[in-house]
**Q** 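I'd like to ask you about the structure that follows.
All heavy atoms count here, side chains included; hydrogens, waters and symmetry mates do not. Residue numbers run from 1 in the order of the sequence given. Keep in mind that what you see is a predicted model, and the values were worked out from it rather than measured.
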Amino acid sequence: MSQLHGQETRRIWRVFWPKYELEKIPITHVTNGVHLATWMANQMMDLLDRELGPDWGSRLEDPGLLERVLELDAVALWNVHVRLKSRLLEHIREEAHRRWKEPGHLVAAGTLLSPEALTIGFARRFAAYKRADLVFFDPDHLRGMVTDDRRPVQIVFAGKAHPADEDGKRIIQRVYRFANDPEFEGRIAFLEDYEMHLAQRLVQGVDLWLNLPRVPLEACGTSGMKAGLNAVPQLGTLDGWWAEGYNAKNGWCIPLGPRDEVDAHDAGYLYDLLKTEIVPAFFERDERGVPIQWVGTMRQALKETLGRFTARTMVGRYANEFYVPSMRGERPPPPPTLG
C-alpha cells in the first residue's frame, strides 16, 4: 500500500471507530518498495559502482551517498540510458519479426519505433481505473505530437487484462486499434505477452514512465519505482506512491481536477505538460548531444527511488516499526499525515 492508500483505508473503516479523529484511527501503512537487484539494469549498477563505490547498495540510508547521485556524470548516465533504450527497441523489433508476418501487425508491434523519439512507456494490468487509453482522449491532439518530424514522441504499451475484466479488454482493443492506425505513423506500439522479462526491459529502456490512475483508486503502483531505479522519470496523477514520491524535481504530476470532468482535465493537463515542459526538456541538447535538463530529472528520479522506495527500505520499516515493537508488546506508531 501507500501513504495515500492508508489514508483512504482509515476513511473507509472509520465506521468502526466513530469517536476517533480520522488520523487517530489505528490503521497505518508501509509503502511498497521494489527489489533493486531484480529491476535495476546491470549497466546502471556498473555506473553506480564506478561513481559511488562498490558498496553503495548497503549504504542507501546515507544521505551523503544519495546526494552524490545528483553529481553522477551527465555523459556517462546518458550513455547508459541510450544503450538500454537501444536494447529495448532492438528486442521489440526482433520479437515483432519473430511473431508476425502481416505488415499491419508489424507496425503495431513496434517495428517503426525510432531511437531518436521521446519514448513513453505504459505497462501494467489493464484495468479501467488505470486509464491506459487516456492519452487518446483527443486523438488529433496526440497525433500532432507523435508525428512531429522535429520532436517526435512514441508510446509503447504492454499489459494484460484479467480474464473477467471486460472493460480492461475493451481498453486493450482500443489501444491496439490506434497502434494500427496509419495516421499515427507507427508511433504507437502494443507489445503482446507481457511478462516479467519484458517488464524489465521496458522500465530500463523507455525515456518516460506514464501512470494515470483515477485518484484515489491506486493502492500503490510500483512500476514507476522500477523505472526510477533506472533513472527513468515518471509522469502521473497524484495517486498511490506518486502522491508521496513526487517532489517537483523527479518527474511531472497531474494535479487533482474537478471530479465531474476528471478525464478531460487530466488529459488536457497531460497534453500541456508534454508540449510545454517534457518534450522541450528531452530534445534540448548541449554540444555533446546530452539533454542536461532531462538528465537532471533522471538523477532526481534515481535518488528519490533509491532513498525511499526499495524493498530494503520497506522491509526495514516493517521490522523497526511493527515486528520488533510487537515482540516487545508495544503499540505500532500512529499513522503519518500526507503532505
**Q** Kindly work out whether a path of hydrophobic side-chain contacts (I/L/V/M/F/W/Y, heavy atoms less than 4.5 Å apart) joins Val262 to Leu238.
**A**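 Each belongs to a different hydrophobic cluster.
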
**Q** Is it true that atom CH2 of Trp17 has more than 12 heavy atoms of other residues, nucleotides or ligands lying nearer than 6.0 Å?
**A**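 Counting other residues, nucleotides and ligands, CH2 of Trp17 exceeds 12 neighbours.
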
**Q** If you take all heavy atoms of Ala319 and Pro325, which pair is closest and at what distance?
**A**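 The answer is O-CD, 3.8 Å.
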
**Q** Extract all donor-acceptor atom pairs below 3.5 Å that involve side chains of residues 288-296 and protein atoms in other chains or at least two apart in sequence.
**A**
| unit_1 | atom_1 | unit_2 | atom_2 | d |
| --- | --- | --- | --- | --- |
| Arg288 | NE | Asp286 | OD2 | 3.0 |
| Arg288 | NH2 | Asp286 | OD2 | 2.8 |

**Q** I need the Gln7 CD to Ile12 CD1 distance, nearest 0.5 Å.
**A**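 The CD1 atom of Ile12 is 11.0 Å from CD of Gln7, to the nearest 0.5 Å.
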
**Q** Would you say the side chain of Ile188 lies within less than 4.5 Å of the side chain of Val156, judging by non-hydrogen atoms?
**A**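 A side-chain contact is absent here, since even the closest heavy-atom pair is not under 4.5 Å.
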
**Q** Between Leu202 and Leu88, is a side-chain contact (heavy atoms from CB on, under 4.5 Å) present by the stated rule, with each step listed?
**A** CA-CA 7 Å; Leu202 284 166; Leu88 167 65; 3.9 Å; yes

**Q** Go through Leu47 and Met44 one step at a time and tell me if the side-chain contact (heavy atoms from CB on, under 4.5 Å) criterion holds.
**A** CA-CA 5 Å; Leu47 173 64; Met44 190 64 67; 4.2 Å; yes

**Q** Does Phe122 have Arg124 sitting over its ring (NZ/CZ under 6.0 Å from centre, angle to axis within 45°)?
**A**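 Pair Arg124/Phe122 counts as cation-pi.
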
**Q** Tell me whether Glu195 at atom CD has more than 12 heavy atoms from other residues, nucleotides or ligands lying less than 6.0 Å away.
**A**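 Above 12, so yes.
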
**Q** Return yes if some donor-acceptor pair links the side-chain N/O of Arg10 with the main-chain N/O of Ile25 below 3.5 Å, else return no.
**A**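 Not at all, since once roles are kept as given, no pair shorter than 3.5 Å links the two residues.
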
**Q** Using every non-hydrogen atom in the two residues, find where Gly186 and Val107 come nearest and quote the distance to one decimal.
**A**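 Heavy atoms only, the tightest pair is CA-CG1, 3.7 Å.
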
**Q** Between Trp209 and Pro233, is there a side-chain heavy-atom distance shorter than 4.5 Å?
**A**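 No; the side chains remain at least 4.5 Å from each other.
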
**Q** In terms of side-chain geometry, is the basic nitrogen of Lys303 or Glu67 positioned less than 4.0 Å from the acidic oxygen of its partner?
**A**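 Salt bridge flag = yes for Glu67 with Lys303.
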
**Q** Do Lys226 and His35 have side chains that get closer than 4.5 Å, going by heavy atoms?
**A**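 No. Closest side-chain heavy atoms not under 4.5 Å.
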
**Q** How far apart are the closest heavy atoms of Tyr194 and Ala158, and which atoms are they?
**A**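 For Tyr194 versus Ala158, the nearest heavy atoms are CD1-CB, 3.6 Å.
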
**Q** Taking side chain as C-beta onward, heavy atoms only, is Met40 less than 4.5 Å from Asn230?
**A**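 Heavy-atom side-chain distance check passes, below 4.5 Å.
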
**Q** Kindly write out the residues that satisfy salt bridge (Lys or Arg N to Asp or Glu O under 4.0 Å) with Arg177, not counting sequence neighbours, or none if the list is empty.
**A**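 Residues passing salt bridge (Lys or Arg N to Asp or Glu O under 4.0 Å) with Arg177: none at all.
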
**Q** State which residue, out of Met225, Arg312, Met314, fulfils the side-chain contact (heavy atoms from CB on, under 4.5 Å) condition with Val34.
**A**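 With Val34 as partner, side-chain contact (heavy atoms from CB on, under 4.5 Å) holds for just one option, Met225.
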
**Q** Using a 3.5 Å cut-off and no angle test, enumerate the donor-acceptor pairs between side-chain atoms of residues 113-120 and protein atoms at least two apart in sequence or in another chain.
**A**
| unit_1 | atom_1 | unit_2 | atom_2 | d |
| --- | --- | --- | --- | --- |
| Ser114 | OG | Glu116 | N | 3.1 |
| Thr119 | OG1 | Ala117 | O | 3.2 |
| Thr119 | OG1 | Gln154 | NE2 | 2.8 |

**Q** Are Leu36 and Met196 linked, directly or through intermediate hydrophobic residues, by side-chain heavy-atom contacts shorter than 4.5 Å (ILVMFWY only)?
**A**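 In one cluster: yes.
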
**Q** Suppose we screen for salt bridge (Lys or Arg N to Asp or Glu O under 4.0 Å). Which residues come up paired with Lys85, at least two apart in sequence or across chains?
**A**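 Asp207.
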
**Q** Looking at CH2 of Trp39 and OG1 of Thr222, how far apart are the two atoms once the value is rounded to the nearest 0.5 Å?
**A**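 One gets 7.5 Å once the value is rounded to the nearest 0.5 Å.
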
**Q** Is Arg143 close enough and on-axis enough to Phe184, meaning under 6.0 Å and within 45°, for cation-pi?
**A**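 Yes, Arg143 lies over the aromatic ring of Phe184.
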
**Q** How far does CD of Glu61 sit from CG of Leu66, to the nearest 0.5 angstrom?
**A**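 It comes to 9.0 Å.
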
**Q** Using side-chain heavy atoms (C-beta onward) and a distance below 4.5 Å, is Met45 in contact with Leu48?
**A**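 Sidechains of Leu48 and Met45: no contact.
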
**Q** Hey, what else clusters with Tyr129 if you join Ile, Leu, Val, Met, Phe, Trp, Tyr whenever side-chain heavy atoms sit under 4.5 Å?
**A**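 Reading the cluster by chain and number, Tyr129 sits alongside Leu217.
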
**Q** Can you name the nearest heavy-atom pair linking Phe126 to Ala132, along with the distance?
**A**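 Heavy-atom minimum between the residues: CE2-CB, 3.5 Å.
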
**Q** Ion pair present between Arg151 and Asp148, side-chain N to carboxylate O less than 4.0 angstrom?
**A**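 No.
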
**Q** Do His5 and Cys220 have side-chain heavy atoms sitting under 4.5 Å apart?
**A**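 The answer is no, as the side chains (C-beta and beyond) never meet within the 4.5 Å cut-off.
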
**Q** Quick check: do Ile254 and Leu212 have side-chain heavy atoms less than 4.5 Å from each other?
**A**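 Yes, side chains in contact.
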
**Q** Given Arg131, which partner from the list Thr237, Asp266, Asn211 fulfils the side-chain hydrogen bond (donor to acceptor under 3.5 Å, both in side chains) test?
**A**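 The residue from Thr237, Asp266, Asn211 that satisfies side-chain hydrogen bond (donor to acceptor under 3.5 Å, both in side chains) with Arg131 turns out to be Asp266.
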
**Q** Look up atom OH in Tyr323 and atom OH in Tyr318, then write down how far apart they are to the nearest 0.5 Å.
**A**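 Spacing of OH (Tyr323) from OH (Tyr318) equals 6.0 Å.
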
**Q** Please check this pair: side chain of Asp133 against backbone of Val175, looking for a donor-acceptor N/O pair closer than 3.5 Å.
**A**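 Such a contact is absent between Asp133 side chain and Val175 backbone.
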
**Q** Decide, yes or no, whether a salt bridge links Asp55 with Arg59 under the criterion of side-chain N to carboxylate O below 4.0 Å.
**A**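 A salt bridge is present here (some side-chain N lies under 4.0 Å from a carboxylate O).
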
**Q** For residues 68-78, dump all side-chain donor-acceptor pairs below 3.5 Å to protein atoms at least two apart in sequence or in another chain.
**A**
| unit_1 | atom_1 | unit_2 | atom_2 | d |
| --- | --- | --- | --- | --- |
| Arg68 | NH2 | Glu51 | O | 2.7 |
| Asp73 | OD2 | Val75 | N | 3.3 |
| Asp73 | OD2 | Ala76 | N | 2.8 |

**Q** Between Phe178 and Phe136, is the ring centroid distance below 6.0 Å?
**A**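 Ring-ring flag for Phe178/Phe136: true, centres closer than 6.0 Å.
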
**Q** Closest heavy-atom contact between Tyr271 and Asp138?
**A**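 For Tyr271 versus Asp138, the nearest heavy atoms are OH-N, 2.9 Å.
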
**Q** Could you check Gln3 against Thr31 for side-chain hydrogen bond (donor to acceptor under 3.5 Å, both in side chains), going step by step and ending with a plain yes or no?
**A** CA-CA 6 Å; Gln3 189 170 337; Thr31 301; 5.5 Å; no

**Q** With the threshold set at 4.0 Å, does a side-chain nitrogen-carboxylate oxygen contact exist between Arg93 and Glu90?
**A**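 No, this pair does not count.
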
**Q** May I ask whether Trp56 and Val80 are part of the same hydrophobic cluster, defined by side-chain heavy atoms of I, L, V, M, F, W, Y residues being less than 4.5 angstrom apart, directly or through others?
**A**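 Per the 4.5 Å side-chain linkage, Trp56 and Val80 are co-clustered.
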
**Q** Would you name the heavy atoms of Ile172 and Ala161 that are closest together and state the gap between them?
**A**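 It is CD1-N, 3.7 Å.
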
**Q** Quick one: pull up OG1 in Thr111 and CD in Glu94 and give me the separation to the nearest 0.5 Å.
**A**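 If we round to the nearest 0.5 Å, Thr111:OG1 and Glu94:CD are 13.0 Å apart.
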
**Q** Ring-plane angle category for Phe309 and Trp241, please: parallel below 30°, perpendicular beyond 60°, tilted otherwise.
**A**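 Judged by the thresholds at 30° and 60°, the geometry between Phe309 and Trp241 is perpendicular.
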
**Q** Evaluate the side-chain contact (heavy atoms from CB on, under 4.5 Å) criterion for residues Arg214 and Lys130: first the C-alpha distance (whole Å), next the side-chain angles of each, then the deciding distance (0.1 Å), finally the verdict.
**A** CA-CA 6 Å; Arg214 186 176 286 110; Lys130 293 179 182 286; over 6 Å; no

**Q** Rounded to the nearest 0.5 Å, what separation is found between the OG1 atom of Thr38 and the CD atom of Gln200?
**A**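 CD of Gln200 is found 7.0 Å from OG1 of Thr38.
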
**Q** Would Lys275 and His141 count as a side-chain hydrogen bond (donor to acceptor under 3.5 Å, both in side chains) if you check the C-alpha gap in whole Å, the side-chain angles of each, and the deciding distance to 0.1 Å?
**A** CA-CA 10 Å; Lys275 183 181 294 185; His141 198 152; 3.3 Å; yes

**Q** Examine Leu22 and Tyr20 and state if one hydrophobic cluster contains both, with Ile, Leu, Val, Met, Phe, Trp and Tyr joined whenever side-chain heavy atoms are less than 4.5 Å apart.
**A**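 Per the 4.5 Å side-chain linkage, Leu22 and Tyr20 are co-clustered.
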
**Q** Looking at His29, is its backbone amide N or carbonyl O close enough to the side chain of Arg317 to form a donor-acceptor pair, meaning the two atoms are under 3.5 Å apart?
**A**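 Side chain of Arg317 to backbone of His29, a donor-acceptor pair under 3.5 Å: yes, one is there.
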
**Q** With a 4.5 Å limit on heavy-atom distance, are the side chains of Leu256 and Val215 in contact?
**A**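 Side-chain contact under 4.5 Å: yes.
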
**Q** Run the numbers on Leu273 and Leu235 for side-chain contact (heavy atoms from CB on, under 4.5 Å), then give the verdict.
**A** CA-CA 9 Å; Leu273 281 174; Leu235 163 59; 3.6 Å; yes

**Q** For Arg87 and Gln43, does a side-chain donor sit closer than 3.5 Å to a side-chain acceptor?
**A**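 Not at all, the side chains of Arg87 and Gln43 share no donor-acceptor pair under 3.5 Å.
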
